[in-house]
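These notes concern the structure reproduced below.
Within every chain, numbering begins at 1; the chains are lettered A, B, ... in the order of the sequence lines, protein sequences first and strands thereafter.
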Amino acid sequence: MEWLFLFHTSIIYFCHMNYESNAFHQTRVQLVKVLNATFKLNVEEEELQLQLTRKEFEGDVTLVIFPLAKKVGKNPEAFGAEIGSALQNQFNELETFNVVKGFLNLKLKDSFWMNEFLSIHNQANFGIQQQNSKERIIVEYSSPNTNKPLHLGHLRNIFLGYSVSELLKANGHQVTKVQIINDRGIHICKSMMAWKLFGNGESPESSGLKGDKLVGKYYVVYDKQFKLEVEQLVADGLSKEDAELQSAIAQGAREMLIKWEQKDEETLALWNKMNGWVYDGFQVTYDTMGVDFDKLYYESDTYLLGKEWVMKGLDRGVFFRKDDGSIWIDLTDEGLDQKVLLRRDGTAMYITQDIGTAMLRFEDFPDTSFQIYTVGNEQDYHFKVLFKVLKKLGVAQAERCFHLSYGMVELPEGKMKSREGTVVDADDLMNEMNQVARQVSEEQGKLEGLSSEEREALHKMIGMSALKYFLLRVDPKKNMLFDPKESIDFNGNTGPFIQYGYVRTQAILRKVDFEIDQNPIHDLSPEERDLIQKIVEFPQVLQDAQKGFNPSLVAVYAYDLVREFNTFYQNMSILREPDAAKKGFRLKLTEKVGEVVKNAMGILGIQMPNRM
RNA sequence: GAUCUCGUAGCUCAGCUGGAUAGAGCAUCUGCCUUCUAAGCAGACGGUCAGGGGUUCGAAUCCCUUCGGGAUCACCA
């Protein structure tokens with residue numbers, strides 16, 4: 001019973017039967033009864049403002065009285081007390097209530113929470129839904145150029161895209177993960193030209209360099225040579241502009257692009273060879289990251305289709321041609337500008353390719369109900385234009401495209417700049433994280449009995465969790481800061497902290513070599529209540545996170561849950577508890593916490609170790 | 001110049017469609033390992049929510065404005 005909605009503001013809402021926890025739901029129902037019967041208020045369920053009771057007050061659920069008091073013209077505090085007493089008479093699950101200012105705090109009985117827990121405990125993978133949607137959602141992420149290796153910005157992009165995909169799946173959607181690879185254009189021709197001139201046949205095999213690094217190296221070689229030539233030509237009396245045009249290596253690169261478009265055999269062979277190196281290199285990086293794709297798209301396959309559609313638009317009169325031959329769309333009545341769609345020389349641009357790619361995807365997956373582009377917020381304007389273009393071309397799915405726009409990762413000095421060498425390389429960073437994980441693990445010395453392979457795998461798991469969590473715990477929409485000088489923390493609000501909590505649950509469960517007592521218990525400690533209440537929130541968190549395409553909510557939730565568990569763990573006995581029923585209950589609680597933490601972190605693409 | 005975004009503790013970040021005394025982590029300081037893994041727990045310190053107006057029972061949150069960062073407005077991608 002769920003479907004997708006889109007408003008023309010391009011903000012989308014995934015609408016469900018709006019989920020809320022049983023505690024909220026029951027309280028709401030009872031409150032409406034009382035308010036309508038006893039106080040003749042005629043309120044609807046939705047208009048009651050319920051919230052979790054803040055820690056400093058006694059209670060579980062809080063009703064905000066102000067709006068209701070206003071309605072009947074009563075003093076909020078007095079009215080709250082009246083509602084509380086009336087509720088007490090008929091709501092069986094209510095233990096006590098108290099009123100503070102305009103807030104009615106309701107405390108539910110331990111038996112209620114106990115039953116909540118038992119019903120949850122019986123659900124395998126609580127909160128995670130089986131696929132229940134026939135329609136497909138396409139999630140695009142990564143979209144690299146093939147002339148240089150992946151960097152920190154890509155890491156945020158890729159972890160985010162992967163995580164949103166997992167989040168959608170956890171909410172029951174069918175997801176297809178795609179990557180668009182920008183494999184053609186002047187950028188790769190530059191690397192090719194430099195390699196041809198200075199490479200002496202260097203290959204990943206001959207040099208031991210990772211393929212993407214090798215091609216990236218020649219991109220830098222190109223840039224150096226280009227600058228050198230320009231400098232020389234300027235010294236010879238040319239203007240900078242002319243010098244840039246006449247630079248031999250630049251001319252070579254442009255000629256290569258033309259030859260490529262003419263399908264020149266030798267050029268294509270070189271292009272295939274060098275792109276192949278890059279793909280091999282990328283694959284290594286993706287493997288380390290632990291992400292994958294269901295289908296790959298290459299711009300070399302889609303730019304021609306894009307051109308075709310631009311011509312179709314021209315025929316249909318939704319685009320127009322200027323005197324110089326370039327083709328445009330006029331979006332001034334939409335509050336945007338006129339935009340070029342095809343150059344005067346007829347060659348494709350960025351947006352031309354994107355039109356083609358979109359069209360190809362709709363052909364490949366006619367059952368697509370929604371498409372998500374994970375691309376940085378510097379391209380907000382581009383995607384506004386793209387979606388308008390698709391709409392003008394009469395593509396129904398244009399209404400169902402969404403730009404998942406995320407903020408930049410900035411360094412203390414500001415934006416990463418490849419020319420200034422301030423780019424944080426993805427492989428280097430991941431490697432460094434694993435080193436730190438190894439160092440910390442060795443200091444802790446808790447890994448006796450594990451083989452060196454097992455240890456390596458563990459270090460990687462821990463290092464990656466630190467990195468992924470660091471990037472995913474921040475609201476995707478916001479820019480964030482990464483300081484390479486301070487390595488990412490392993491304590492506090494971090495991935496390893498959460499893994500550690502999980503490891504504790506498993507360490508305890510491993511020791512259970514007896515029949516767990518199934519008898520119910522009748523009173524709960526504050527720690528146990530808090531923990532149950534936290535677990536119960538999980539489905540709500542998944543729903544909210546999906547609504548905003550915001551995995552950081554899941555990250556924060558996992559952290560909060562583990563913190564609650566640590567408090568419980570550190571203040572109560574589990575295996576040493578003498579009362580068999582209590583011990584049994586605490587073990588079940590521990591088990592459920594482990595499951596939920598693992599599933600929550602799984603949505604972030606973070607694995608849980610069994611020991612560390 | 002136009003449009004968009006952000007400004008919360010020394011630092012990095014939470015704060016949901018307006019609700020209680022604005023919360024975490026890091027850093028600094030104090031306790032807690034003969035008891036289930038101390039990558040932990042308990043506590044202290046730390047705030048004019050950039051400034052100013054407005055809307056109302058109530059504003060970090062909504063509106064206006066000033067200041068200060070960032071992004072975009074290419075026949076680049």
Grab the NZ-P distance between K485(A) and A27(B) for me, whole Å please. 18 Å
For the backbone of L341(A) and the side chain of T352(A), can you confirm whether one donor and one acceptor N or O come within less than 3.5 Å of each other? yes
Integer-rounded Å distance: C76(B) P and L342(A) CG: 12 Å
d(CG, L341(A); C1', C76(B)) in whole Å: 15 Å
Which pairs pass salt bridge (charged side-chain N to carboxylate O under 4.0 Å, His left out) with one or both residues in residues 562-584 of chain A, sequence neighbours excluded? K55(A)-E564(A), D560(A)-R563(A), E577(A)-R586(A)
Have a look at S552(A) and say if it touches a base, only the backbone sugar-phosphate, or nothing, with a 4.0 Å heavy-atom cut-off. nothing
Please tell me if T567(A) has a side-chain N or O lying less than 4.0 Å from either OP1 or OP2 of A42(B). yes
Once you round it to whole Å, what is the distance between P of C26(B) and OH of Y469(A)? 12 Å
Is the F387(A) to Y373(A) ring centre distance short of 6.0 Å? yes
Taking the inter-plane angle between the rings of Y219(A) and Y222(A) on a 0 to 90° scale, is it parallel (under 30°), tilted (30 to 60°) or perpendicular (over 60°)? parallel
Between the protein and nucleotides 22-24 of chain B, list every N/O to N/O distance that falls short of 3.5 Å.
| from | atom 1 | to | atom 2 | distance (Å) |
| --- | --- | --- | --- | --- |
| G23(B) | OP1 | R54(A) | NH2 | 2.9 |
| A24(B) | O2' | Y559(A) | OH | 3.2 |

Looking at R343(A) and D345(A), is there a salt bridge between them, counting it only when a charged N and a carboxylate O are closer than 4.0 Å? no
Stacked pair F103(A)-A20(B), distance under 5.5 Å, angle under 30°: yes
What is the per-nucleotide protein-contact pattern of nucleotides 28-40 of chain B, from the 5' end, where B denotes a base atom under 4.0 Å from a protein heavy atom, S denotes such proximity for sugar-phosphate atoms only, and - denotes neither? -------BBBSBB
Taking only N/O atoms, report every protein-nucleotides 70-74 of chain B pair under 3.5 Å with atom names and distance.
| from | atom 1 | to | atom 2 | distance (Å) |
| --- | --- | --- | --- | --- |
| C73(B) | O2' | D337(A) | OD2 | 3.1 |

Does the side chain of Q499(A) come under 3.5 Å of the side chain of Y469(A) through a donor N or O and an acceptor N or O? no
Reckon D475(A) touches a base, only the sugar-phosphate, or nothing at all at heavy-atom distances under 4.0 Å? sugar-phosphate
Can a side-chain donor-acceptor contact be found between D60(A) and T53(A) if the only test is distance below 3.5 angstrom? no
Reckon Q51(A) touches a base, only the sugar-phosphate, or nothing at all at heavy-atom distances under 4.0 Å? base
R438(A) versus Q435(A), side-chain donor and acceptor atoms under 3.5 Å: yes
Is the glycosidic torsion of C16(B) within 90° of 0, making it syn, or is it anti? anti
Identify the stems formed by RNA chain B, where each pair is Watson-Crick or G-U wobble with both distances under 3.5 angstrom and a stem is at least 3 consecutive pairs. B:1-7 with B:67-73, B:10-13 with B:23-26, B:28-32 with B:40-44, B:50-54 with B:62-66
Just by distance, with hydrogens left out, do N275(A) and T146(A) show a side-chain donor and acceptor under 3.5 Å apart? yes
Whole angstrom is fine here: how far is it from CD in E244(A) over to C1' in C76(B)? 14 Å
Hey, does D489(A) reach any base, or is it just sugar-phosphate, or nothing, if we go heavy atoms under 4.0 Å? sugar-phosphate
On the 0 to 90° scale, with breaks at 30° and 60°, tag the F320(A)-W328(A) ring pair as parallel, tilted or perpendicular. parallel
Quick check on A14(B): is either OP1 or OP2 less than 4.0 Å from any side-chain nitrogen or oxygen of K478(A)? yes
In whole angstrom, what separates D544(A)'s CG from A14(B)'s P? 16 Å
Every protein N/O lying under 3.5 Å from an N/O of nucleotides 54-61 of chain B:
| from | atom 1 | to | atom 2 | distance (Å) |
| --- | --- | --- | --- | --- |
| C57(B) | OP1 | K70(A) | NZ | 2.9 |

Nearest whole Å is fine: how far is U3(B) P from L331(A) CG? 18 Å
What nucleic acid atoms does N105(A) come within less than 4.0 Å of, heavy atoms only: base, sugar-phosphate, or nothing? base
With under 30° as parallel and over 60° as perpendicular, where do the rings of H151(A) and H154(A) fit, or are they tilted in between? tilted
Before we go on, tell me: are the rings of F402(A) and F383(A) under 6.0 Å apart, centre to centre? no
Around atom CD of Q607(A), are there more than 12 heavy atoms from other residues, nucleotides or ligands closer than 6.0 Å? no
Whole-Å gap separating C1' (U12(B)) and CD (E486(A)): 9 Å
